[in-house]
Chemist: 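This structure is in C-alpha coordinates; I'll ask about it shortly.
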Amino acid sequence: MKKIVIIGANDFQNQLILKAKKMGFETHVFAWKDGATGEKNADYFYPISIVETDQILEKCREIRPDAVASIASDLANITVSKVAAGLGLPGNSPECVRLSTNKYAMREAFTKAGVATPKFYRVDRMEVYLFGMRLPLVVKPTDRSGSRAITKVMDFSQLEEAIQKAVDQSFEKQAIVEEYIEGEEYSYETISYGGKHRNLAVTKKYTTGEPHFIETGHVEPCNLSEDMMYKIHYVMRRALDALKITNGASHAEFKITPEGHVRVIEIGSRMGGDCIGSDLVPLSTGYDYMEMVIDTACGMEPKLAVKTEPKKAEVRFLFTLEDVEKMRILEKEHPEKIYRISELDLSHAGKVSDSSNRIGYYIMTEEI
(Lines give C-alpha, C1' and ligand atoms only; values in the text may rest on other atoms or scores of the structure.)
Protein backbone atom coordinates (compact mmCIF):
# COMPACT_ATOMS: atom_id res chain seq x y z
CA MET A 1 0.00 0.00 0.00
CA LYS A 2 1.25 3.49 -0.87
CA LYS A 3 1.81 5.87 2.02
CA ILE A 4 1.17 9.61 2.21
CA VAL A 5 2.21 12.04 4.92
CA ILE A 6 -0.28 14.86 5.50
CA ILE A 7 0.72 17.91 7.50
CA GLY A 8 -2.16 19.22 9.63
CA ALA A 9 -5.41 17.69 10.90
CA ASN A 10 -8.02 20.47 10.98
CA ASP A 11 -11.32 20.37 9.09
CA PHE A 12 -9.78 21.53 5.80
CA GLN A 13 -6.92 18.99 6.01
CA ASN A 14 -9.42 16.29 6.91
CA GLN A 15 -10.85 16.50 3.40
CA LEU A 16 -7.40 15.61 2.03
CA ILE A 17 -7.07 12.73 4.49
CA LEU A 18 -10.41 11.28 3.39
CA LYS A 19 -9.51 11.69 -0.31
CA ALA A 20 -6.13 9.97 0.16
CA LYS A 21 -7.78 7.04 1.93
CA LYS A 22 -10.34 6.76 -0.86
CA MET A 23 -7.47 6.63 -3.34
CA GLY A 24 -5.98 3.69 -1.44
CA PHE A 25 -3.23 5.49 0.49
CA GLU A 26 -2.20 4.70 4.04
CA THR A 27 -2.42 8.11 5.75
CA HIS A 28 0.20 9.36 8.23
CA VAL A 29 -0.89 12.66 9.77
CA PHE A 30 1.18 15.11 11.83
CA ALA A 31 -0.43 17.82 13.97
CA TRP A 32 -0.69 19.16 17.48
CA LYS A 33 -3.00 16.84 19.45
CA ASP A 34 -6.21 18.81 20.07
CA GLY A 35 -8.97 16.45 18.99
CA ALA A 36 -9.19 17.77 15.43
CA THR A 37 -11.33 15.81 12.95
CA GLY A 38 -8.34 14.62 10.94
CA GLU A 39 -6.79 13.06 14.05
CA LYS A 40 -9.71 10.60 14.22
CA ASN A 41 -9.71 9.75 10.51
CA ALA A 42 -5.96 9.26 10.02
CA ASP A 43 -4.63 5.70 9.78
CA TYR A 44 -1.65 6.84 11.83
CA PHE A 45 -1.57 10.06 13.84
CA TYR A 46 1.58 11.64 15.29
CA PRO A 47 1.10 14.36 17.96
CA ILE A 48 3.92 16.55 16.67
CA SER A 49 3.36 20.25 15.91
CA ILE A 50 3.53 21.07 12.20
CA VAL A 51 6.35 23.56 12.85
CA GLU A 52 8.62 20.83 14.29
CA THR A 53 10.08 20.07 10.86
CA ASP A 54 13.15 18.14 12.04
CA GLN A 55 11.07 15.78 14.21
CA ILE A 56 8.61 15.20 11.39
CA LEU A 57 11.41 14.52 8.91
CA GLU A 58 13.07 12.05 11.27
CA LYS A 59 9.81 10.13 11.68
CA CYS A 60 9.13 10.27 7.93
CA ARG A 61 12.47 8.58 7.24
CA GLU A 62 11.05 5.62 9.19
CA ILE A 63 7.65 5.79 7.43
CA ARG A 64 9.20 6.11 3.93
CA PRO A 65 6.14 7.75 2.32
CA ASP A 66 5.44 8.06 -1.39
CA ALA A 67 4.27 11.67 -1.00
CA VAL A 68 4.05 14.58 1.43
CA ALA A 69 1.13 16.98 1.08
CA SER A 70 -1.09 19.58 2.71
CA ILE A 71 -3.80 21.98 1.59
CA ALA A 72 -5.07 25.40 2.65
CA SER A 73 -2.23 26.40 4.98
CA ASP A 74 0.89 28.48 4.38
CA LEU A 75 2.48 27.23 7.61
CA ALA A 76 1.90 23.58 6.69
CA ASN A 77 3.13 24.29 3.16
CA ILE A 78 6.53 25.36 4.52
CA THR A 79 6.87 22.08 6.39
CA VAL A 80 5.71 20.05 3.37
CA SER A 81 8.44 21.64 1.24
CA LYS A 82 11.20 20.99 3.76
CA VAL A 83 10.15 17.41 4.48
CA ALA A 84 9.67 16.53 0.80
CA ALA A 85 13.11 17.97 -0.01
CA GLY A 86 14.66 16.00 2.87
CA LEU A 87 13.11 12.78 1.55
CA GLY A 88 13.88 13.46 -2.10
CA LEU A 89 10.17 13.60 -2.99
CA PRO A 90 8.51 15.94 -5.55
CA GLY A 91 7.50 19.46 -4.56
CA ASN A 92 8.10 23.14 -5.10
CA SER A 93 11.57 24.47 -4.31
CA PRO A 94 12.35 26.05 -0.92
CA GLU A 95 12.80 29.37 -2.78
CA CYS A 96 9.30 29.07 -4.24
CA VAL A 97 7.82 28.42 -0.81
CA ARG A 98 9.77 31.36 0.67
CA LEU A 99 8.46 33.71 -2.01
CA SER A 100 4.88 32.46 -1.72
CA THR A 101 4.61 32.52 2.08
CA ASN A 102 6.19 35.92 2.78
CA LYS A 103 4.23 38.88 1.45
CA TYR A 104 7.25 41.19 1.30
CA ALA A 105 9.37 38.68 -0.64
CA MET A 106 6.37 38.09 -2.87
CA ARG A 107 5.94 41.81 -3.66
CA GLU A 108 9.65 42.07 -4.46
CA ALA A 109 9.40 39.09 -6.84
CA PHE A 110 6.37 40.62 -8.59
CA THR A 111 8.16 43.94 -8.99
CA LYS A 112 11.26 42.26 -10.43
CA ALA A 113 9.10 40.32 -12.94
CA GLY A 114 7.15 43.39 -14.01
CA VAL A 115 3.86 42.22 -12.47
CA ALA A 116 1.83 45.28 -11.43
CA THR A 117 1.83 45.61 -7.65
CA PRO A 118 1.00 48.45 -5.23
CA LYS A 119 3.70 50.50 -3.51
CA PHE A 120 4.82 48.70 -0.36
CA TYR A 121 7.17 48.89 2.61
CA ARG A 122 8.26 46.34 5.21
CA VAL A 123 8.26 47.64 8.76
CA ASP A 124 8.65 46.39 12.31
CA ARG A 125 7.60 49.55 14.16
CA MET A 126 6.06 52.94 13.54
CA GLU A 127 9.39 54.73 13.05
CA VAL A 128 9.32 54.56 9.25
CA TYR A 129 8.95 57.10 6.47
CA LEU A 130 6.44 55.95 3.87
CA PHE A 131 7.68 58.01 0.95
CA GLY A 132 5.11 58.49 -1.79
CA MET A 133 2.43 56.39 -0.08
CA ARG A 134 -1.15 57.58 -0.38
CA LEU A 135 -4.17 56.75 1.75
CA PRO A 136 -5.92 54.44 2.11
CA LEU A 137 -3.29 51.86 3.11
CA VAL A 138 -3.48 48.19 4.04
CA VAL A 139 -1.33 46.80 6.86
CA LYS A 140 -0.83 43.04 7.35
CA PRO A 141 1.72 40.61 8.79
CA THR A 142 4.35 39.58 6.25
CA ASP A 143 3.92 35.86 6.92
CA ARG A 144 0.37 35.01 8.04
CA SER A 145 -2.84 34.01 6.28
CA GLY A 146 -6.52 33.70 7.24
CA SER A 147 -7.17 37.48 7.40
CA ARG A 148 -5.13 37.75 10.60
CA ALA A 149 -4.34 41.33 11.69
CA ILE A 150 -5.26 42.91 8.34
CA THR A 151 -6.30 46.55 8.70
CA LYS A 152 -7.35 49.18 6.20
CA VAL A 153 -5.95 52.52 7.35
CA MET A 154 -7.92 55.61 6.35
CA ASP A 155 -5.89 58.11 8.39
CA PHE A 156 -2.19 58.16 9.30
CA SER A 157 -3.20 58.44 12.98
CA GLN A 158 -4.42 54.81 12.74
CA LEU A 159 -1.17 53.51 11.33
CA GLU A 160 0.80 52.87 14.51
CA GLU A 161 -1.88 50.64 16.04
CA ALA A 162 -2.35 48.74 12.77
CA ILE A 163 1.39 48.10 12.44
CA GLN A 164 1.64 46.90 16.04
CA LYS A 165 -1.24 44.44 15.57
CA ALA A 166 0.34 43.05 12.41
CA VAL A 167 3.81 42.75 13.96
CA ASP A 168 2.36 40.97 17.01
CA GLN A 169 0.72 38.35 14.74
CA SER A 170 3.75 37.90 12.47
CA PHE A 171 6.10 34.97 13.04
CA GLU A 172 9.09 37.09 11.97
CA LYS A 173 7.68 40.21 13.73
CA GLN A 174 7.43 42.19 10.51
CA ALA A 175 4.51 43.94 8.79
CA ILE A 176 3.94 45.11 5.25
CA VAL A 177 2.30 48.44 4.51
CA GLU A 178 0.91 48.79 1.00
CA GLU A 179 -1.41 51.00 -0.96
CA TYR A 180 -5.02 49.82 -1.02
CA ILE A 181 -6.39 48.58 -4.35
CA GLU A 182 -10.03 49.34 -5.11
CA GLY A 183 -12.12 46.70 -6.84
CA GLU A 184 -14.01 43.42 -6.68
CA GLU A 185 -12.05 40.52 -5.17
CA TYR A 186 -11.55 37.10 -6.74
CA SER A 187 -9.23 34.12 -6.49
CA TYR A 188 -7.56 31.97 -9.15
CA GLU A 189 -7.30 28.22 -8.53
CA THR A 190 -4.53 26.43 -10.41
CA ILE A 191 -2.76 23.09 -10.73
CA SER A 192 0.82 23.10 -12.00
CA TYR A 193 3.02 20.28 -13.22
CA GLY A 194 6.52 20.55 -14.62
CA GLY A 195 6.26 24.35 -14.64
CA LYS A 196 3.08 24.41 -16.74
CA HIS A 197 -0.05 25.96 -15.18
CA ARG A 198 -3.67 24.95 -15.71
CA ASN A 199 -6.37 27.19 -14.26
CA LEU A 200 -9.29 25.20 -12.88
CA ALA A 201 -11.61 27.92 -11.58
CA VAL A 202 -12.00 31.58 -10.67
CA THR A 203 -13.80 32.28 -7.40
CA LYS A 204 -15.84 35.35 -6.41
CA LYS A 205 -14.93 36.29 -2.86
CA TYR A 206 -16.98 38.14 -0.24
CA THR A 207 -15.62 39.74 2.95
CA THR A 208 -16.77 41.80 5.91
CA GLY A 209 -15.14 44.79 4.20
CA GLU A 210 -13.01 47.35 5.95
CA PRO A 211 -11.17 47.50 8.19
CA HIS A 212 -10.30 43.77 8.57
CA PHE A 213 -11.70 42.03 5.45
CA ILE A 214 -12.59 38.69 7.05
CA GLU A 215 -13.96 36.38 4.37
CA THR A 216 -17.69 35.69 4.67
CA GLY A 217 -18.19 33.46 1.63
CA HIS A 218 -17.08 32.31 -1.83
CA VAL A 219 -18.95 31.40 -5.01
CA GLU A 220 -18.05 29.42 -8.15
CA PRO A 221 -18.40 29.86 -11.08
CA CYS A 222 -17.87 33.63 -11.19
CA ASN A 223 -19.22 34.30 -14.73
CA LEU A 224 -16.67 36.87 -15.89
CA SER A 225 -16.47 37.82 -19.57
CA GLU A 226 -14.18 36.02 -22.02
CA ASP A 227 -12.11 39.19 -22.52
CA MET A 228 -11.64 39.63 -18.77
CA MET A 229 -10.66 35.97 -18.36
CA TYR A 230 -7.99 36.42 -21.03
CA LYS A 231 -6.50 39.35 -19.08
CA ILE A 232 -6.65 37.37 -15.83
CA HIS A 233 -4.87 34.34 -17.34
CA TYR A 234 -2.11 36.56 -18.78
CA VAL A 235 -1.41 38.33 -15.48
CA MET A 236 -1.70 35.23 -13.32
CA ARG A 237 0.64 33.04 -15.33
CA ARG A 238 3.35 35.70 -15.15
CA ALA A 239 2.76 36.02 -11.41
CA LEU A 240 2.95 32.24 -10.86
CA ASP A 241 6.22 32.12 -12.79
CA ALA A 242 7.58 35.06 -10.78
CA LEU A 243 7.14 32.98 -7.61
CA LYS A 244 8.79 29.94 -9.24
CA ILE A 245 5.71 27.76 -8.76
CA THR A 246 6.17 24.54 -10.75
CA ASN A 247 4.21 21.73 -9.08
CA GLY A 248 0.93 21.30 -7.23
CA ALA A 249 -1.93 23.59 -6.35
CA SER A 250 -1.83 27.36 -6.06
CA HIS A 251 -4.34 29.94 -4.88
CA ALA A 252 -3.99 33.52 -6.16
CA GLU A 253 -6.03 36.40 -4.79
CA PHE A 254 -6.59 39.38 -7.07
CA LYS A 255 -8.83 42.36 -7.70
CA ILE A 256 -10.41 43.79 -10.82
CA THR A 257 -10.21 47.58 -10.51
CA PRO A 258 -13.07 49.88 -11.57
CA GLU A 259 -10.97 50.62 -14.69
CA GLY A 260 -10.86 46.90 -15.55
CA HIS A 261 -7.24 46.23 -14.58
CA VAL A 262 -6.19 42.94 -12.95
CA ARG A 263 -4.10 43.50 -9.81
CA VAL A 264 -2.53 40.61 -7.88
CA ILE A 265 -2.97 40.75 -4.10
CA GLU A 266 -1.07 37.60 -3.11
CA ILE A 267 -0.46 33.98 -4.13
CA GLY A 268 -0.03 30.84 -2.07
CA SER A 269 1.75 27.81 -3.54
CA ARG A 270 -0.94 25.59 -2.05
CA MET A 271 -4.64 24.96 -2.43
CA GLY A 272 -7.00 27.70 -1.32
CA GLY A 273 -8.54 27.33 2.13
CA ASP A 274 -12.12 28.02 3.16
CA CYS A 275 -13.28 24.91 1.22
CA ILE A 276 -12.39 26.57 -2.11
CA GLY A 277 -10.00 23.88 -3.32
CA SER A 278 -11.39 20.89 -1.45
CA ASP A 279 -15.07 21.47 -2.31
CA LEU A 280 -15.99 24.43 -4.51
CA VAL A 281 -13.60 23.61 -7.36
CA PRO A 282 -14.70 19.96 -7.75
CA LEU A 283 -18.38 20.85 -7.27
CA SER A 284 -18.36 23.71 -9.79
CA THR A 285 -16.03 22.18 -12.42
CA GLY A 286 -16.21 18.41 -12.01
CA TYR A 287 -12.40 18.27 -11.62
CA ASP A 288 -11.02 16.19 -8.74
CA TYR A 289 -8.65 18.84 -7.40
CA MET A 290 -7.44 16.94 -4.34
CA GLU A 291 -6.62 13.91 -6.48
CA MET A 292 -4.53 16.23 -8.65
CA VAL A 293 -2.69 17.52 -5.55
CA ILE A 294 -1.90 13.96 -4.44
CA ASP A 295 -0.85 12.91 -7.95
CA THR A 296 1.61 15.82 -8.30
CA ALA A 297 2.97 15.13 -4.79
CA CYS A 298 3.72 11.61 -6.06
CA GLY A 299 5.46 13.01 -9.15
CA MET A 300 2.64 12.03 -11.51
CA GLU A 301 0.95 14.27 -14.07
CA PRO A 302 -2.52 15.33 -12.80
CA LYS A 303 -5.60 13.93 -14.54
CA LEU A 304 -7.55 16.82 -16.08
CA ALA A 305 -10.87 15.03 -16.53
CA VAL A 306 -14.39 16.17 -15.66
CA LYS A 307 -15.70 13.43 -13.36
CA THR A 308 -18.99 14.92 -12.10
CA GLU A 309 -21.65 17.28 -13.44
CA PRO A 310 -20.64 20.91 -12.69
CA LYS A 311 -22.94 22.89 -10.37
CA LYS A 312 -23.07 26.31 -8.78
CA ALA A 313 -21.25 25.99 -5.46
CA GLU A 314 -21.09 28.40 -2.55
CA VAL A 315 -19.64 28.38 0.96
CA ARG A 316 -20.97 30.72 3.65
CA PHE A 317 -19.26 31.34 6.96
CA LEU A 318 -21.03 31.83 10.27
CA PHE A 319 -20.22 34.79 12.50
CA THR A 320 -23.28 35.18 14.77
CA LEU A 321 -26.11 33.11 16.25
CA GLU A 322 -28.41 34.81 13.72
CA ASP A 323 -26.24 33.37 10.94
CA VAL A 324 -26.70 29.92 12.47
CA GLU A 325 -30.46 30.40 12.68
CA LYS A 326 -30.65 31.41 9.00
CA MET A 327 -28.67 28.30 8.09
CA ARG A 328 -31.04 26.08 10.10
CA ILE A 329 -34.06 27.59 8.35
CA LEU A 330 -32.47 26.95 4.96
CA GLU A 331 -31.58 23.42 6.00
CA LYS A 332 -35.22 22.77 6.97
CA GLU A 333 -36.88 24.46 3.97
CA HIS A 334 -34.37 23.50 1.23
CA PRO A 335 -32.38 20.47 2.40
CA GLU A 336 -31.53 19.65 -1.23
CA LYS A 337 -29.32 22.77 -1.37
CA ILE A 338 -27.15 21.80 1.61
CA TYR A 339 -24.02 19.90 0.64
CA ARG A 340 -22.18 19.96 3.97
CA ILE A 341 -22.30 21.67 7.36
CA SER A 342 -19.14 21.91 9.45
CA GLU A 343 -18.82 21.34 13.16
CA LEU A 344 -19.86 24.55 14.96
CA ASP A 345 -18.06 26.40 17.76
CA LEU A 346 -20.62 28.79 19.24
CA SER A 347 -18.14 30.19 21.79
CA HIS A 348 -16.96 32.74 19.19
CA ALA A 349 -20.46 33.94 18.26
CA GLY A 350 -20.48 37.70 17.73
CA LYS A 351 -16.75 38.13 18.41
CA VAL A 352 -15.00 36.76 15.33
CA SER A 353 -11.65 38.52 14.85
CA ASP A 354 -10.22 36.60 11.87
CA SER A 355 -10.87 33.55 9.71
CA SER A 356 -9.49 31.13 12.30
CA ASN A 357 -12.25 31.71 14.86
CA ARG A 358 -15.41 31.84 12.78
CA ILE A 359 -18.26 29.71 14.18
CA GLY A 360 -18.28 27.34 11.21
CA TYR A 361 -19.59 27.14 7.67
CA TYR A 362 -22.01 25.46 5.29
CA ILE A 363 -21.70 24.62 1.61
CA MET A 364 -24.61 24.90 -0.84
CA THR A 365 -25.04 23.64 -4.38
CA GLU A 366 -27.63 24.10 -7.11
CA GLU A 367 -27.97 23.27 -10.77
CA ILE A 368 -26.44 25.75 -13.20
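Atom set for the values below is all heavy atoms of this structure, side chains included, hydrogens, waters and symmetry mates excluded. Owing to the predicted nature of the structure, the values given are computational and were not obtained by experimental measurement. For the single chain, residues carry numbers from 1 onward in sequence order.
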Chemist: Answer yes or no: is there a side-chain heavy-atom contact under 4.5 Å between Tyr46 and Lys59?
Modeler: yes
Chemist: Testing the 3.5 Å rule here: is there a donor-acceptor pair between the side chains of Gln158 and Thr151?
Modeler: no
Chemist: More than 12 heavy atoms of other residues, nucleotides or ligands under 6.0 Å from NZ of Lys196: is that the case?
Modeler: no
Chemist: Would you call the rings of Phe317 and His218 parallel, tilted or perpendicular if under 30° counts as parallel and over 60° as perpendicular?
Modeler: perpendicular
Chemist: Without hydrogens or angle criteria, can the side chains of Ser353 and Asn357 be said to hold a donor-acceptor pair below 3.5 Å?
Modeler: yes
Chemist: Go through the side-chain N and O atoms of Tyr121 and Arg107 and say whether any donor and acceptor fall under 3.5 Å apart.
Modeler: no
Chemist: Might you confirm whether atom CD of Glu172 has over 12 heavy atoms from other residues, nucleotides or ligands at distances under 6.0 Å?
Modeler: yes
Chemist: Is there a side chain to side chain contact (heavy atoms under 4.5 Å, CB included) between Tyr287 and Lys307 once you walk through the steps?
Modeler: CA-CA 6 Å; Tyr287 290 129; Lys307 296 187 175 183; over 6 Å; no
Chemist: Would you mind checking if Glu367 and Lys312 are paired as a salt bridge, meaning a charged N to carboxylate O distance below 4.0 Å?
Modeler: no
Chemist: Could you give the distance from CZ (Arg358) to CZ (Phe319), rounded to the nearest 0.5 Å?
Modeler: 6.0 Å
Chemist: Judged by modelled atom types alone, do His197 and Thr190 share a side-chain donor-acceptor pair under 3.5 Å?
Modeler: no
Chemist: Taking ring-ring contact (aromatic ring centres under 6.0 Å, His included) as the test, write out the residues that go with Phe110, two or more places apart.
Modeler: none
Chemist: Establish, from distance only, whether the side-chain atoms of Asn77 and Ser269 form a donor-acceptor pair under 3.5 Å.
Modeler: yes
Chemist: Apply the test side chain to side chain donor-acceptor pair (under 3.5 Å) to residues Asp345 and Ser347: give CA-CA distance (whole Å), side-chain angles for both, the deciding distance (0.1 Å), then the verdict.
Modeler: CA-CA 6 Å; Asp345 182 356; Ser347 65; 2.6 Å; yes
Chemist: What distance do Arg270 atom CZ and Ile71 atom CD1 have between them, rounded to the nearest 0.5 Å?
Modeler: 10.0 Å
Chemist: Cut-off 3.5 Å, side chains only: do Glu220 and Thr203 have a donor facing an acceptor?
Modeler: yes
Chemist: Does Lys152 have more than 12 heavy atoms from other residues, nucleotides or ligands lying within 6.0 Å of its NZ?
Modeler: yes
Chemist: Taking atom types as modelled and ignoring hydrogens, do the side chains of Thr37 and Asp11 form a donor-acceptor contact shorter than 3.5 angstrom?
Modeler: no
Chemist: When you look at OH of Tyr180, are more than 12 heavy atoms from neighbouring residues, nucleotides or ligands closer to it than 6.0 Å?
Modeler: yes
Chemist: Using a distance-only test with no angle check, is there a side-chain donor-acceptor pair under 3.5 angstrom linking Ser157 and Asp155?
Modeler: yes
Chemist: To the nearest 0.5 Å, how far apart are CG in Leu18 and CG in Asn14?
Modeler: 4.5 Å
Chemist: State whether Lys22 and Glu291 are salt-bridged, where the test is any N-O pair (Lys NZ or Arg NE/NH1/NH2 against Asp/Glu carboxylate O) under 4.0 Å.
Modeler: no
Chemist: If you count every heavy atom of other residues, nucleotides or ligands that lies below 6.0 Å from Glu322 atom CD, does the total exceed 12?
Modeler: no
Chemist: Quick one: pull up CD1 in Ile256 and CD1 in Ile181 and give me the separation to the nearest 0.5 Å.
Modeler: 12.0 Å
Chemist: If you take all heavy atoms of Ile163 and Ala175, which pair is closest and at what distance?
Modeler: O-CB, 4.3 Å
Chemist: Run the numbers on Val115 and Val264 for side chain to side chain contact (heavy atoms under 4.5 Å, CB included), then give the verdict.
Modeler: CA-CA 8 Å; Val115 177; Val264 183; 4.0 Å; yes
Chemist: Evaluate Ser93 against Glu95 for side chain to side chain donor-acceptor pair (under 3.5 Å), listing each step before the verdict.
Modeler: CA-CA 5 Å; Ser93 68; Glu95 175 66 1; over 6 Å; no
Chemist: Identify the residue among Lys103, Lys140, Lys119 that makes a side-chain contact (heavy atoms from CB on, under 4.5 Å) with Glu178.
Modeler: Lys140
Chemist: Would you call Met229 and Ile232 a side-chain contact if the rule is heavy atoms closer than 4.5 Å?
Modeler: yes
Chemist: Using side-chain heavy atoms (C-beta onward) and a distance below 4.5 Å, is Val315 in contact with Asp279?
Modeler: no
Chemist: Can you name the one residue among Glu184, Glu314, Glu215, Glu253 that meets salt bridge (charged side-chain N to carboxylate O under 4.0 Å, His left out) with Lys204?
Modeler: Glu184
Chemist: Take atom NZ of Lys311 as the centre, draw a 6.0 Å sphere, and report whether it contains more than 12 heavy atoms from other residues, nucleotides or ligands.
Modeler: no
Chemist: Count the heavy atoms belonging to other residues, nucleotides or ligands that lie under 6.0 Å from NZ of Lys21, then report whether that count exceeds 12.
Modeler: yes
Chemist: State whether the number of non-hydrogen atoms from other residues, nucleotides or ligands found under 6.0 Å of Lys173 atom NZ is greater than 12.
Modeler: yes
Chemist: Would Tyr206 and Arg316 count as a side chain to side chain donor-acceptor pair (under 3.5 Å) if you check the C-alpha gap in whole Å, the side-chain angles of each, and the deciding distance to 0.1 Å?
Modeler: CA-CA 9 Å; Tyr206 297 91; Arg316 293 184 183 178; over 6 Å; no
Chemist: What I want to check is whether the side chains of Glu185 and Thr207 have a donor and an acceptor closer together than 3.5 Å.
Modeler: no
Chemist: Do you know which two heavy atoms are closest between Ala297 and Ala69, and how far apart they sit?
Modeler: CB-CB, 4.3 Å
Chemist: For the residue pair Tyr104 and Glu108, confirm or rule out a side-chain donor-acceptor distance under 3.5 Å.
Modeler: yes
Chemist: Indicate yes or no: does Glu58 engage Arg61 in a salt bridge with an N to O separation below 4.0 Å.
Modeler: no
Chemist: Would you tell me whether Tyr193 and Arg198 have side-chain atoms, one donor and one acceptor, within less than 3.5 Å of each other?
Modeler: no
Chemist: Is any side-chain heavy atom of His251 closer than 4.5 Å to one of Ile267?
Modeler: no
Chemist: I want to check something: taking the side chain as every heavy atom from C-beta on, are Phe156 and Leu137 in contact at a cut-off of under 4.5 Å?
Modeler: yes
Chemist: Taking only Lys NZ, Arg NE, NH1 and NH2, and the carboxylate oxygens of Asp or Glu, determine whether Asp288 and Lys19 approach each other closer than 4.0 Å.
Modeler: yes
Chemist: Using 30° and 60° as the class boundaries, would you call the ring planes of Phe254 and Tyr188 parallel, tilted or perpendicular?
Modeler: perpendicular
Chemist: Please walk me through it: do Asp274 and Ser355 pass side chain to side chain donor-acceptor pair (under 3.5 Å)?
Modeler: CA-CA 9 Å; Asp274 281 1; Ser355 296; 4.8 Å; no
Chemist: Are the side chains of Asp143 and Thr101 in touch, meaning some heavy atoms are under 4.5 Å apart?
Modeler: no
Chemist: Hey, what do you get for SG (Cys298) to NZ (Lys2), rounding to the nearest 0.5 Å?
Modeler: 5.5 Å
Chemist: Output the distance between atom NE2 (His28) and atom CD1 (Ile63), rounded to the nearest 0.5 Å.
Modeler: 5.5 Å
